[in-house]
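Here the structure is a predicted model, which is why all the values come from computation and not from measurement.
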Amino acid sequence: MGALWTHVIFLLACNFGSGSGSTNKCDEVRKVFQLRQIGPSQLLPLSPRPGSDLQVCLSKNLSCCTKKMEEKYQVAARRDVQNLFQTSSSSLKFLISRNVAAFQETFEVLIKQAENHTNTLLHQSYRTLADQAVGPVQELFTDIGLFLLGSELNVDDLVQRFFDSLFPLVYNHLINPGLSDISLGYAECVRLSRRDVRPFSAAPSLLADQIARSGVSGKLLLQALHLGIEVINTTDHLQLSRECRRALLKMHYCPHCQGLTQARPCMGYCLNVMRGCLASMAEIDAHWREFVRSLEGLSARMQGPQDLEQVLLGVHTLLHDAVEHAEKNGPRLAAQVHKLCGPASRKPVQSVSIQHSSSSRESIPLKASVRVSGDSLAVRRRDFLNSLRLYRTYYGGLADQLCVSELASGDGLSCWNGTEIVKSYTLRVVGNGIKAQSDNPEVKVKGADPVINQIIDKLKHINQLLQGKSIPKLGSLDQIETGSGDIEGRYSGDCDDEDGCVGSGSGENRRKVSRVSKLSPDVAGDHRHHHHHHHYPPAEDSKLGGRSRSLGLTGAIWVLILPCLHMLLAL
């Protein structure tokens, strides 16, 4: 027995040195147990004892562990590994989180700049209507911002609504100016006529298409990055199987039971344990690599019509061209409005300062794109993707990275093989992934983790969206439009025959655009959705317009009220 103790003490002294001055090898175990706050020191035996009650840390030698200690060690082993997961992913998680915030901030700055450019244009070129246009302009860019940051707004609706609100102002101040503003009722009639007389030509459809295309790309970028963070959070808190927990205990803390507190696992042994524990996580690898490639592809496509920065900072130019087109076609538009709404009905003349556009017209702002302060979106995307590319193999190489950099013993050094200290690990080392674990001598892997399978499904879905291979339907928060033209999935706010719309005007004025979904009454009210074709209040009824709530009275209400008015007038 004395020879055995001499051998153990000699082994400790040769390999580690730390416990060589102690006559009781459990003293060093007690120190580490307390230092790492694994559990109360009362759980430790005063001296080595038979370990017959142990379940994992079995040994033919005497042990410094009890069953209660073994349970505490297993909890500590799981905690240590999960801390390693979180530490190893922290730089990747920070990279994505920081850029989510940066992209959102850049979007907000761009939207504010675009709004300021638009108001500046109106004040410089169309001063008489500029003050009244501030509200519709603000509403337009607020809605664009909400859309970019995730709200399920219909882009065509919000753009068409803006031009609906703009037309009465253009008509009153530029096409048919007078001593006072047109009455509220007449302004409502002019607003309702806008989609039939088309004063702004193709500008509304063009702007809606540009915002939808570029906005969807920006929206999808943010959605993808949020999913990236979700993937990392999921794997950081992966629930380890019972077999894995036992293997981690055996690798990390069973040496302590023999007094080997500084023993480190052999490289091959560590790889088998970690590849077994992370087998499901390794299945993410192919989809994570594709995720990074798909983000690069999306970024490459975010140019021209899909360049959000270019589109937003070009809104004021498109608006100038639209108003200019309406002004040039003033006589035709005045005749059409007169036909639909009768002669202009104006408010009583008050003390009014008259300014005509011809006398107040100044040069419009330069058409050159004004960049946001600091880096542009394109530069931000490029820098982010260059950094993200370094992490494309993160999930496939995590087990190896943890063993090489954190856990295993260095080459040529004595190491722990799960049973004793040896010169090298002699069992077969398996590969990464579920299939490779069938021959794992250290961890029995039953199958894929269902939580990991769910996160893989999400990655598959976002990858299809990023690559433009999937065009989901409208209706849920994560559904993104990637189509173009008047195909199913196009943002559209126009009314078709099934909506009960009645045409009034020539057939050439009707626009047929496929409608994706119909808003419920409460949503429709919130979005102030207007039908395409309308009944227009006749000129003699314009005085009744003063009883309407405001310029924002919806077309649907006019359709309900006007037949009653006609009946009353007929009497």
Could you check whether any side-chain N or O of [X] sits under 3.5 Å from a backbone N or O of [Y], counting only pairs where one atom can act as donor and the other as acceptor?
X	Y	answer
Gln82	Leu238	yes
Arg381	Leu298	no
Ser90	Thr87	yes
Thr66	Leu43	yes
Asp156	Ala208	no
Asn417	Ser424	no
Gln437	Gly431	yes
Ser405	Gln401	yes

So which atom in [X] and which in [Y] form the shortest heavy-atom distance, rounded to 0.1 Å?
X	Y	result
Ser88	Tyr394	OG-OH, 3.1 Å
Leu62	Pro48	CB-CB, 3.8 Å
Gly396	Asn432	O-ND2, 3.5 Å
Ser280	Ile452	O-CG2, 3.3 Å
Ala114	Phe141	CB-CE2, 3.5 Å
Leu149	Leu222	CD2-CD1, 4.0 Å

Side chain to side chain donor-acceptor pair (under 3.5 Å) against Glu442, all qualifying residues, sequence neighbours excluded: Tyr425
Using side-chain heavy atoms (C-beta onward) and a distance below 4.5 Å, is [X] in contact with [Y]?
X	Y	value
Leu388	Arg392	no
Leu110	Glu309	yes
Phe147	Lys219	yes
Val231	Tyr395	yes
Ser409	Pro265	no
Thr118	Glu115	no
Leu407	Arg264	no
His252	Val81	yes

Within residues 50-94 or reaching into it, pairs that qualify as ring pair (Phe, Tyr, Trp, His ring centres under 6.0 Å) - sequence neighbours excluded: Phe33-Tyr73, Tyr73-Tyr253, Tyr73-His256
Pairing donors with acceptors under 3.5 angstrom, does anything connect the side chains of [X] and [Y]?
X	Y	value
Lys93	Asn233	yes
Glu290	Gln467	yes
Arg380	Thr106	yes
Ser89	Tyr391	no

Hey, could you give me the [atom1]/[atom2] distance between [X] and [Y], rounded to the nearest 0.5 Å?
X	Y	atom1	atom2	answer
Thr235	Gln86	OG1	CD	9.5 Å
Leu249	Arg78	CG	CZ	11.5 Å
Phe384	Ile96	CZ	CD1	5.5 Å
Met69	Gln74	CE	CD	14.0 Å
Gln113	Thr120	CD	OG1	11.0 Å
Cys257	Glu70	SG	CD	6.5 Å

Residue pair Ser63, Gln258: steps toward the side chain to side chain contact (heavy atoms under 4.5 Å, CB included) verdict: CA-CA 6 Å; Ser63 175; Gln258 298 186 33; over 6 Å; no
Ser241 vs Lys446, side chain to side chain contact (heavy atoms under 4.5 Å, CB included): CA-CA, chis, key distance, verdict: CA-CA 9 Å; Ser241 68; Lys446 296 180 179 178; over 6 Å; no
Pairing of Arg289 and Asp285 as salt bridge, 4.0 angstrom limit: yes
Salt-bridge present (Asp209, Arg213; N to O < 4.0 Å): yes
Cysteine SG atoms at Cys57 and Cys254 closer than 2.5 Å: yes
Check against side chain to side chain contact (heavy atoms under 4.5 Å, CB included), Leu313 and His117: CA-CA 8 Å; Leu313 296 181; His117 291 344; 3.9 Å; yes
Other residues, nucleotides, ligands: >12 heavy atoms within 6.0 Å of Gln239 CD: no
Trace of the side chain to side chain contact (heavy atoms under 4.5 Å, CB included) decision for Leu95 with Arg98: CA-CA 5 Å; Leu95 171 68; Arg98 183 185 64 201; 3.3 Å; yes
From CA spacing to verdict: side-chain hydrogen bond (donor to acceptor under 3.5 Å, both in side chains), Gln306, Ser217: CA-CA 7 Å; Gln306 294 192 48; Ser217 297; 2.6 Å; yes
CA sep, side-chain torsions, deciding dist, call: Arg49, Asp53, salt bridge (Lys or Arg N to Asp or Glu O under 4.0 Å): CA-CA 10 Å; Arg49 55 181 286 280; Asp53 58 338; 3.4 Å; yes
Option from Asp400, Val404, Leu398 for which side chain to side chain contact (heavy atoms under 4.5 Å, CB included) with Leu402 holds: Leu398
